[in-house]
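Sequence lines set the chain letters: A, B, ... in the order given, protein chains first and strands last, and positions in each chain run from 1. Excluded from the calculations below are hydrogen atoms, water molecules and symmetry mates; all remaining heavy atoms, backbone and side chain alike, are included.
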2 protein chains.
Amino acid sequence: MARPDIPLAQLHAFVVLAEELHFGRAAARLGIAQPPLSQQIRRLEDKVGHALFRREPGRVTLTPAGRELLPAARRALTDLADGLAAARAVGSGQAGRLRIGFAASLALTVLPDLLRTFRQRFPGVHLDIREMTSAPQLTALRDKTIDVGLLREPPAVDAELEFRTVLSEPFVAVLPAAHPLAAQRVVPLAELADSPFVLLPRAAGPQLYDQITGLCAAAGFPPRIAQHAVEWQTVCALVGAGLGVSLAPASIRRIRLRGVAFRRVEPGTARTRVAVAWVRNDQSPLVAHLLAAVGHDPRDRP
Amino acid sequence: MARPDIPLAQLHAFVVLAEELHFGRAAARLGIAQPPLSQQIRRLEDKVGHALFRREPGRVTLTPAGRELLPAARRALTDLADGLAAARAVGSGQAGRLRIGFAASLALTVLPDLLRTFRQRFPGVHLDIREMTSAPQLTALRDKTIDVGLLREPPAVDAELEFRTVLSEPFVAVLPAAHPLAAQRVVPLAELADSPFVLLPRAAGPQLYDQITGLCAAAGFPPRIAQHAVEWQTVCALVGAGLGVSLAPASIRRIRLRGVAFRRVEPGTARTRVAVAWVRNDQSPLVAHLLAAVGHDPRDRP
DNA sequence: CCGCGCCATACGCCTAGAGATATCACCTCA
DNA sequence: TGAGGTGATATCTCTAGGCGTATGGCGCGG
């Protein structure tokens with residue numbers, strides 16, 4: 001990599017003069033007096049070793065050497081200006097790429113709102129959204145494969161990672177509209193003991209799965225799992241089709257499906273927490289912006 | 001056109017450090033001590049407004065902003081270096097474009113040698129060769145449509161143009177091998193009076209045409225023109241076919257054609273001069289180089 | 001725990017370059 | 001022929017930037 005030791009001011013003067021072909025006007029456009037411009041050009045010509053302009057009485061023209069240099073000078077200046085602007089945008093978090101991992105169960109709740117507001121505030125940022133369950137998110141964060149994670153039931157503490165609860169929601173019972181319990185506004189958990197369950201497979205989200213089965217166990221019965229489905233959408237459809245009932249985070253209500261009813265469960269103390277995760281001391285302004293965009297669960301304040 | 005006021009030295013330091021990712025080695029490669037390098041980088045980061053490198057114990061890495069700036073910086077530097085080199089090459093006449101007009105009758109004589117030697121000495125120069133008769137060459141020179149002309153019978157003086165005789169050659173008679181005069185080594189001009197002539201049309205080169213017919217007139221006869229041909233090659237072919245005889249500049253001997261004989265004419269005083277023409281005070285090094293390459297007619301020295 | 005590698009900081013020095021004003025040289029045109 | 005426009009020169013000032021040496025802070029490994 002060579003080092004062409006030429007002040008950019010000279011190049012700028014050169015380009016402007018090449019456009020104006022008139023020392024007075026060019027100097028005016030540069031906001032300097034005419035003599036300094038003459039000097040700039042002269043110094044540049046000295047460095048190049050050849051005249052760049054032909055000064056004929058009444059008109060200034062580019063020499064062949066000048067014509068050769070002009071496009072390169074222009075490119076160099078614009079490249080630099082653009083690169084600088086881009087670097088500043090990235091540095092200030094107005095541009096760049098943010099890789100977000102998210103748990104599938106959030107695709108219908110926090111994620112859409114989050115993406116919408118973030119996109120609106122930082123349209124220059126490319127969002128790399130990838131669905132992944134909680135454990136892989138944690139390792140991906142540590143490996144710097146993703147910058148931010150959105151997951152359920154975060155670990156309490158972690159040496160490298162930080163978490164913030166975004167939302168804490170109760171569970172609801174998902175029932176076929178024709179189910180006897182659908183007539184009640186509140187469903188005691190124990191009364192679900194006789195109904196077959198439709199759930200996500202445990203592999204899709206162990207924390208949530210275990211929490212749900214734990215709830216049933218606490219109510220005195222092990223859930224009889226009749227069917228697995230990999231998306232909440234499908235779970236609801238199967239429930240609507242009468243294959244069973246389900247227990248799900250309350251935000252599942254967003255899925256409106258004919259023949260499916262959502263009912264509060266009793267006891268209502270159990271809640272799932274949705275959290276953002278990021279690596280401790282991450283300097284990236286994009287992560288900071290995202291954290292600002294998600295806000296926090298009001299109940300999360302100590 | 002914006003003016004990114006950043007010393008190129010800083011960009012260079014940035015690029016090298018980005019390649020080495022090690023302050024000590026980068027400084028060594030730049031031929032400076034390490035502290036100045038730290039300063040360079042710091043100043044650049046100040047101008048950009050964001051960190052470009054992350055200094056972690058044991059390793060230096062680019063920040064996203066730095067990664068964004070790097071290609072632009074590289075491009076700017078190489079653009080500039082290349083542009084500078086190109087401008088210097090053009091300025092010193094090692095590169096560029098030279099437009100040469102030449103009279104058709106020279107395509108077989110001075111032109112090939114000239115092009116060969118010039119090409120050899122300045123391989124970077126693109127030669128724009130265009131055939132044109134003398135008068136158009138003069139106006140093309142004045143219009144700056146060509147840079148150099150190669151023509152016969154240059155005007156004695158010209159306010160804007162300069163000339164130098166390159167070659168001064170006698171005329172030869174072009175005869176069919178079977179022609180009675182072909183038996184002699186020297187042909188008195190007057191003896192051609194009875195033979196029909198094959199000549200280039202006057203429009204192709206008035207000066208030469210007039211000189212030839214003038215020679216005949218001086219020998220006491222007007223040439224009887226039996227045939228026109230637009231190239232000397234063709235003229236010779238027609239002569240060889242027995243359609244007539246011709247008078248031509250001696251360099252036509254280069255055309256070797258079965259059945260065609262070339263003979264000195266008497267009187268041998270008449271000569272055509274081939275000259276290079278260029279605009280007076282042309283600064284172009286390419287023109288100077290070409291003039292050096294053509295040399296001059298030894299008899300041209302006063 | 002000490003030394004070493006690595007980067008940052010502090011200070012001093014010097015030059016190049018950018019700016020201004022004043023003035024000159026030259027061409028053109030009325 | 002004189003005025004005006006245009007570019008070059010001369011001179012001065014100021015500052016940014018570049019370099020060096022000396023030194024400080026901080027991990028890391030023997």
Side-chain angles (χ1 to χ4, degrees), chain A residues 1-63 66 73 77 80 84 281 283, chain B residues 1-63 66 73 77 80 84 281 283:
Chain A
M1 176 80 38
R3 166 161 42 163
D5 188 18
I6 291 192
L8 289 187
Q10 288 178 13
L11 285 182
H12 189 205
F14 168 62
V15 170
V16 170
L17 180 56
E19 281 165 9
E20 296 290 342
L21 292 177
H22 186 289
F23 279 74
R25 281 198 300 277
R29 238 183 77 184
L30 288 164
I32 63 175
Q34 170 262 319
L37 174 60
S38 284
Q39 291 178 9
Q40 299 268 44
I41 299 300
R42 198 166 133 47
R43 271 194 286 270
L44 180 57
E45 287 177 324
D46 285 350
K47 286 244 163 93
V48 173
H50 304 279
L52 299 172
F53 293 96
R54 207 169 289 125
R55 290 83 156 163
E56 292 165 16
R59 71 177 164 188
V60 174
T61 46
L62 276 168
T63 63
L77 287 178
L80 226 51
L84 232 54
N281 298 328
Q283 315 274 9
Chain B
M1 176 81 37
R3 165 160 45 162
D5 189 16
I6 292 191
L8 289 187
Q10 288 179 13
L11 285 182
H12 189 205
F14 167 63
V15 171
V16 171
L17 180 56
E19 281 166 10
E20 296 291 342
L21 291 177
H22 186 288
F23 279 74
R25 280 197 301 278
R29 239 183 76 185
L30 288 164
I32 62 176
Q34 169 263 319
L37 175 60
S38 283
Q39 291 178 7
Q40 300 267 44
I41 300 301
R42 198 168 132 47
R43 271 196 286 271
L44 180 57
E45 287 177 324
D46 285 350
K47 286 244 162 95
V48 173
H50 304 279
L52 298 172
F53 294 95
R54 206 170 290 126
R55 289 85 156 161
E56 293 164 16
R59 72 176 163 187
V60 175
T61 45
L62 276 168
T63 63
L77 287 178
L80 225 52
L84 232 54
N281 298 327
Q283 315 275 8

Take the protein atom [atom1] of [X] and the nucleotide atom [atom2] of [N], then report the distance between them rounded to whole Å.
X       : N      : atom1 : atom2 : answer
B:Arg25 : C:dG5  : CZ    : P     : 14 Å
A:Leu44 : C:dA16 : CG    : C1'   : 15 Å
A:Glu45 : D:dG7  : CD    : P     : 13 Å
A:Ile32 : D:dG7  : CD1   : P     : 13 Å
A:Asp46 : C:dG17 : CG    : C1'   : 13 Å
B:Arg59 : D:dG27 : CZ    : P     : 15 Å
A:Asp5  : C:dT15 : CG    : P     : 16 Å
B:Phe53 : C:dC7  : CZ    : P     : 11 Å

Inset, instruction - Assign a letter to each nucleotide of nucleotides 22-30 of chain C from its 5' end: B, base within under 4.0 Å of a protein heavy atom; S, sugar-phosphate only; -, no contact. - result: B----S---
Inset, instruction - For B:Asp46, look at atom CG and say whether over 12 heavy atoms of other residues, nucleotides or ligands are found less than 6.0 Å away. - result: yes
Legend entry - Passing candidate, side chain to side chain contact (heavy atoms under 4.5 Å, CB included) with B:Arg25, options B:Glu19, B:Gln34, B:Glu20: B:Glu20
Side-chain N,O ([X]) to OP1/OP2 ([N]) below 4.0 Å:
X       : N      : result
B:Gln10 : D:dG18 : yes
A:Arg43 : C:dG17 : no
A:Ser38 : D:dA8  : yes
B:Gln40 : D:dG18 : yes

Legend entry - Along DNA chain D (nearest heavy atom to each residue), the more 5'-positioned of B:Leu37 and A:Arg55: A:Arg55
Inset, instruction - Using modelled atom types only, decide if a donor and an acceptor are shared between the side chain of A:Thr63 and the backbone of A:Ala51 within a distance under 3.5 Å. - result: yes
Inset, instruction - Taking B:Glu45 for its side chain and B:Phe53 for its backbone only, find out whether a donor-acceptor pair lies under 3.5 Å. - result: yes
Measure from the side chain of [X], starting at C-beta and using heavy atoms only, and say which of [options] lies closest.
X       : options               : result
A:Lys47 : D:dT9, C:dA10, C:dG17 : C:dG17
A:Gln39 : D:dA8, D:dG17, D:dA10 : D:dA10
A:His22 : C:dC7, D:dT6, C:dT21  : D:dT6
A:Ala33 : C:dC7, D:dG7, C:dA20  : C:dA20

Inset, instruction - Under 4.0 Å between any heavy atoms, over every strand shown, what does B:Arg42 touch: base, sugar-phosphate, or nothing? Just pick one. - result: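 B:Arg42: backbone/sugar contact only, no base atoms under 4.0 Å.
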Inset, instruction - Assign B:Pro7 to base, sugar-phosphate, or nothing according to its heavy-atom contacts below 4.0 angstrom with the strands shown. - result: sugar-phosphate
Legend entry - Nearest non-hydrogen partners of B:Ala27 and B:Ala33, listed with the distance: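 It is CB-O, 3.5 Å.
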Inset, instruction - Taking all non-hydrogen atoms of both residues into account, name the closest pair between B:Gly66 and B:Phe14 and its distance. - result: O-CZ, 3.5 Å
Inset, instruction - To the nearest 0.5 angstrom, please state how far the NZ atom of B:Lys47 sits from the CG atom of B:Asp5. - result: 5.0 Å
Inset, instruction - Would you give the length of the straight line joining atom CD of B:Gln10 to atom CG of B:Leu37, rounded to the nearest 0.5 angstrom? - result: 11.0 Å
